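What follows is a set of notes on a single structure, which appears directly below.
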Amino acid sequence: RKEVEQDPGPFNVPEGATVAFNCTYSNSASQSFFWYRQDCRKEPKLLMSVYSSGNEDGRFTAQLNRASQYISLLIRDSKLSDSATYLCVVNRGGNTPLVFGKGTRLSVIA
Amino acid sequence: NAGVTQTPKFQVLKTGQSMTLQCAQDMNHNSMYWYRQDPGMGLRLIYYSASEGTTDKGEVPNGYNVSRLNKREFSLRLESAAPSQTSVYFCASRDLAGNTIYFGEGSWLTVV
């Protein structure tokens with residue numbers, strides 16, 4: 001089993017739709033969690049951190065469920081510019097490298 | 001504010017040739033990383049350096065070597081390039097206190 005698993009998609013949604021991505025992680029000792037965004041032929045960039053209490057940044061909401069070892073990202077009112085690959089990232093702590101999921105591809109269609 | 005800079009951006013190599021990918025960061029980060037990304041495979045860690053003077057193997061180190069030249073610079077060397085090493089290579093750095101990892105713009109390498 002991969003340490004971080006995501007549905008690869010693609011998710012094809014119309015503009016204005018709400019879409020949710022899920023991610024599961026296998027290491028219960030994981031300490032912190034993030035969503036990164038990667039545009040086509042570009043480098044990944046931090047979208048938002050994920051906190052146990054849930055956190056929101058504009059149209060984006062991230063949730064963490066430690067008991068189920070599950071992270072989610074909700075995008076409301078999708079824009080064409082949201083089309084990208086969304087990477088789930090887990091920090092196991094200390095000096096260990098971050099662990100990246102393979103990503104979920106989103107296409108927002110006009 | 002350059003962040004993470006990697007060179008070259010594009011390179012075509014013949015099988016068996018050698019080359020070095022250069023990476024430098026100006027954020028005073030302790031940790032640096034080299035990843036490769038192939039279609040459908042996601043980011044795979046090749047080597048990393050948790051701090052100046054140390055290097056460790058990642059998930060796919062075979063065929064590569066690295067040098068952490070100083071705190072700013074971390075290079076990746078292909079001694080004898082193979083077509084299987086055709087990929088996009090990303091260098092990254094991270095400040096452990098901040099958790100965020102910052103990537104360079106990528107190097108597109110084709111081995112023919």
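Basis for what follows: all heavy atoms, side chains included, without hydrogens, waters or symmetry-related copies. Remember, it's a predicted structure, so these values are computed and weren't measured experimentally.
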**Request:** Any chance you could measure Y36(A), atom OH, to T100(B), atom OG1, to the nearest 0.5 Å?
**Result:**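 One finds 5.0 Å between OH of Y36(A) and OG1 of T100(B).
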**Request:** State the CZ-OH distance between F100(A) and Y35(B), to the nearest 0.5 angstrom.
**Result:**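 If I round to the nearest 0.5 Å, the distance is 4.5 Å.
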Do [X] and [Y] touch side chain to side chain, with heavy atoms closer than 4.5 Å?
X	Y	value
V88(B)	E43(A)	no
R41(A)	W108(B)	yes
Q38(A)	F90(B)	yes

**Prompt:** Looking only at atom types and distance, does a side-chain atom of Y102(B) sit under 3.5 Å from a main-chain N or O of L46(A), one as donor and one as acceptor?
**Reply:**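 A pair under 3.5 Å: no.
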**Item:** Other residues, nucleotides, ligands: >12 heavy atoms within 6.0 Å of K9(B) NZ
**Value:**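 Yes - once you tally the heavy atoms of other residues, nucleotides and ligands closer than 6.0 Å, there are more than 12.
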**Item:** Among G101(A), P97(A), S32(A), G103(A), residue most engaged with chain B (heavy-atom pairs, under 4.5 Å)
**Value:**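 Among the listed options, the one with the most contacts to chain B is P97(A).
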**Item:** Structural part of L45(B) lying under 4.5 Å from a heavy atom of chain A
**Value:**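 Side chain only.
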**Message:** Counting heavy-atom pairs closer than 4.5 Å to chain A, which one of S31(B), G104(B), G106(B) comes out on top?
**Reply:**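 The option with the most such pairs is G104(B).
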**Nearest heavy-atom neighbours spanning T96(A) and R94(B)** =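 Answer, listing the atom of T96(A) first, then R94(B): O-NH1, 3.1 Å.
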**Asked** Do you know the tightest heavy-atom contact between N95(A) and Y48(B)?
**Response**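 So the minimum-distance heavy-atom pair works out to O-CE1, 4.2 Å.
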**Prompt:** Side chain, backbone, both or neither: which part of S49(A) has a heavy atom under 4.5 Å from chain B?
**Reply:**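 The answer is neither part of S49(A).
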